[in-house]
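Just so we're on the same page: letters track the sequence lines, and every chain starts at 1. Given the structure is predicted, the values throughout are model-derived calculations rather than measurements.
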2 protein chains.
Amino acid sequence: MNRRIPDSTVRRISHYLRALEVMGVQGTPTVSSEELAQQGGTTAAQVRKDLSHFGSFGKRGLGYSVPELASRLRDILGLTCRWRVVLVGAGRIGSALFEYPHFARRGYDCVAVLDNDPEKIGMSWGPVRIRPVEELELVVDALKVDIAILAVPAEAAQTLAERAVAAGARAILNFAAVQLRVPAHVHVAYVNLVVELEALSFAITQNGKGRRK
Amino acid sequence: MNRRIPDSTVRRISHYLRALEVMGVQGTPTVSSEELAQQGGTTAAQVRKDLSHFGSFGKRGLGYSVPELASRLRDILGLTCRWRVVLVGAGRIGSALFEYPHFARRGYDCVAVLDNDPEKIGMSWGPVRIRPVEELELVVDALKVDIAILAVPAEAAQTLAERAVAAGARAILNFAAVQLRVPAHVHVAYVNLVVELEALSFAITQNGKGRRK
DNA sequence: ATGCGCTTGTGAAATTGGTCACAATGTAGG
DNA sequence: CCTACATTGTGACCAATTTCACAAGCGCAT
Ligand SMILES: NC(=O)c1ccc[n+]([C@@H]2O[C@H](COP(=O)([O-])OP(=O)(O)OC[C@H]3O[C@@H](n4cnc5c(N)ncnc54)[C@H](O)[C@@H]3O)[C@@H](O)[C@H]2O)c1
Ligand SMILES: NC(=O)c1ccc[n+]([C@@H]2O[C@H](COP(=O)([O-])OP(=O)(O)OC[C@H]3O[C@@H](n4cnc5c(N)ncnc54)[C@H](O)[C@@H]3O)[C@@H](O)[C@H]2O)c1
């Protein structure tokens with residue numbers, strides 16, 4: 001029950017929650033650390049250790065109440081309020097994200113979409129009109145945006161991150177392949193598909209001795 | 001040299017390579033571990049340690065030759081050959097990936113796109129025609145596919161992973177929010193945007209005491 | 001109430017990954 | 001050739017994370 005939580009723990013908690021929600025729909029009343037571990041691809045001891053960072057939620061001999069644990073994990077992950085998100089970059093990735101219904105269902109509201117392409121500015125995406133990127137500060141400030149998603153080319157990402165942070169954003173989800181330099185209080189998550197693919201081709205090359213013939 | 005390589009090292013190598021390629025275009029002849037560290041968002045000692053897993057590529061007192069190190073890193077990551085990739089799921093994420101020119105530029109060729117939606121099957125995406133998912137085994141086997149990208153709903157992912165593996169795939173890039181169970185020799189990379197967002201809202205909640213008011 | 005079987009919660013040990021400090025080794029310049 | 005200097009490569013240390021092992025707690029049957 002202490003302070004500094006490993007990032008890996010937080011990510012696993014997110015997985016546990018997803019598994020719990022499936023079980024909840026199926027009506028499973030309780031679950032053991034062993035069962036949760038299987039769903040989350042880890043070990044029972046790891047599950048218990050992860051949870052023990054935040055308190056003790058189980059009943060010995062019985063396991064965890066599915067709805068109760070799910071609720072506690074939602075608290076932990078900050079899913080009890082709705083988060084306001086701005087999407088910067090209305091390109092291929094941006095539109096895939098925008099149309100993905102699961103984010104809203106999970107508490108992330110895309111309150112604005114910005115772009116710098118005159119062709120795109122003014123277009124309507126459902127209820128949202130694509131705005132010029134010049135309005136970034138306005139939007140972040142006036143709509144009290146917490147999280148900025150950057151789905152723009154790498155060259156633009158650093159500047160846009162700085163602008164979003166200056167206007168008050170506290171977290172950034174970055175799809176561009178650059179390391180962002182931001183103040184320490186701002187949190188950044190990276191999604192870099194090239195890194196993932198390269199990690200895979202590294203693993204294949206190491207392990208199975210090269211490409212299939 | 002050459003024990004088991006940490007995953008984090010492999011990912012950083014991918015970042016170093018990207019930085020080196022930018023420097024290469026700019027004509028920078030050599031680079032120090034210090035400079036590389038700045039680009040990659042890490043420390044000079046970490047850069048040297050990462051590289052030392054694979055050999056010694058630098059010149060003391062001088063640094064690393066940019067084109068030479070880039071070439072060595074490409075070898076390490078398995079980028080000296082072209083990889084054949086099959087994309088399963090021609091939805092929002094699938095189409096964003098397919099249209100992304102950088103993958104092909106980096107050696108990943110999408111040799112087939114599969115879906116199970118009769119509306120989509122038969123459509124042409126550039127030079128590729130979307131095929132019925134029943135042809136998965138055929139495609140993986142006949143086209144000697146190494147990597148399968150799963151951009152399908154979570155319910156379908158496990159079965160499709162098994163089918164791809166049975167037909168010979170050795171790595172999977174999975175966008176669905178489920179842990180895949182595959183044989184040990186198969187490598188899986190996960191991209192889970194919900195986890196990323198939840199890690200961010202966790203960090204904000206912990207750190208800055210909740211959402212902006 | 002008591003005992004049994006099951007499962008949690010948690011210190012302690014083991015492992016893994018990261019940092020530090022510096023000898024080794026190169027370049028450049030007299 | 002010798003000295004001054006920069007920067008690598010690495011073993012020894014340190015920190016973080018995972019695994020282990022087990023006492024303690026709970027429900028149920030008797
Ligand atoms: N599409 C993919 O599969 C994929 C994969 C990996 C990484 N990425 C990365 O994600 C990012 C976005 O990729 P994409 O494929 O969606 O690109 P895209 O070109 O389809 O979209 C980028 C959008 O950003 C806009 N934009 C450019 N500069 C801008 C600025 N200064 N301010 C505001 N908007 C601006 C463009 O007008 C465009 O609409 C890129 O960094 C790319 O490298 C994409
Ligand atoms: N779009 C996003 O931003 C986003 C974000 C996070 C996660 N994801 C995940 O990525 C995956 C794909 O998301 P999407 O938004 O592209 O969904 P989508 O619904 O747009 O596309 C899914 C595609 O898969 C096809 N499909 C379904 N079952 C199939 C099967 N058995 N075999 C072959 N094809 C099948 C569908 O016909 C559809 O074309 C999902 O698991 C989703 O949860 C998407």
Side-chain donor-acceptor pairs of residues 40-49 of chain B under 3.5 Å, sequence neighbours excluded:
from: B:Thr43; atom 1: OG1; to: B:Gln46; atom 2: N; distance (Å): 3.2
from: B:Gln46; atom 1: NE2; to: B:Asp50; atom 2: OD1; distance (Å): 3.2
from: B:Arg48; atom 1: NH1; to: B:Ser33; atom 2: OG; distance (Å): 3.1

Only pairs under 3.5 Å count here: list side-chain donor-acceptor contacts from residues 62-75 of chain B, not counting sequence neighbours, and write none if there are none.
from: B:Ser65; atom 1: OG; to: B:Glu68; atom 2: N; distance (Å): 3.3
from: B:Arg74; atom 1: NE; to: B:Glu21; atom 2: OE2; distance (Å): 3.2
from: B:Arg74; atom 1: NH2; to: B:Glu21; atom 2: OE2; distance (Å): 3.3

Taking only distance into account, with no hydrogens and no angle test, what donor-acceptor pairs under 3.5 Å do side-chain atoms of residues 85-104 of chain B form with protein atoms, sequence neighbours excluded?
from: B:Ser95; atom 1: OG; to: B:Gly91; atom 2: O; distance (Å): 3.4
from: B:Ser95; atom 1: OG; to: B:Arg92; atom 2: O; distance (Å): 3.2
from: B:His102; atom 1: ND1; to: B:Arg105; atom 2: NH1; distance (Å): 3.1

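Annotation: side chain of B:Gln158 is not in contact with side chain of B:Val178 (no heavy-atom distance under 4.5 Å). Looking at heavy atoms from C-beta onward, A:Asn192 lies in side-chain contact with B:His15 at the 4.5 angstrom threshold.
In terms of the salt bridge (Lys or Arg N to Asp or Glu O under 4.0 Å) criterion, residue partners of A:Glu196 (sequence neighbours excluded) are, by chain and number, B:Arg11. For B:Ser56, there are no side chain to side chain contact (heavy atoms under 4.5 Å, CB included) partners, not counting sequence neighbours. With sequence neighbours excluded, no residue forms a side chain to side chain contact (heavy atoms under 4.5 Å, CB included) with A:Ala142. Taking B:Asp117 as the reference, nothing meets the salt bridge (Lys or Arg N to Asp or Glu O under 4.0 Å) condition, with sequence neighbours excluded. Here B:Glu34 pairs with nothing under the salt bridge (Lys or Arg N to Asp or Glu O under 4.0 Å) rule; sequence neighbours left out.
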**Request:** Verify side-chain contact (heavy atoms from CB on, under 4.5 Å) between B:Cys110 and B:Tyr108, making sure each step is shown before the conclusion.
**Result:** CA-CA 6 Å; B:Cys110 185; B:Tyr108 300 93; over 6 Å; no

Scan nucleotides 23-30 of chain C against the protein and return all N/O pairs shorter than 3.5 Å with their distances rounded to 0.1 Å.
from: C:dA24; atom 1: N3; to: B:Arg60; atom 2: NH1; distance (Å): 2.8

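B:Thr9 comes within 4.0 angstrom of nothing in the nucleic acid, heavy atoms only.
Atom pair B:Asp50:CG and C:dG18:P shows a separation of 8 Å (rounding to whole Å applied). At whole-Å resolution of the value, CZ in B:Arg11 and C1' in C:dG18 are 17 Å apart.
Using modelled atom types and a 3.5 Å distance limit, the side chains of A:Arg163 and A:Thr159 yield no donor-acceptor pair. Neither side chain, A:Gln39 nor A:Glu35, offers a donor N or O lying under 3.5 Å from an acceptor on the other.
In the 5' to 3' direction, nucleotides of DNA chain D lying under 4.0 Å from heavy atoms of chain B begin and end at D:dA6 to D:dA12.
Shown for residues 63-72 of chain B: residues whose heavy atoms fall under 4.0 angstrom of DNA chain D, namely B:Gly63, B:Tyr64. For DNA chain C, the neighbouring residues in residues 15-49 of chain B, judged by any heavy atom under 4.0 Å, are B:Thr43, B:Ala45, B:Gln46, B:Arg48, B:Lys49.
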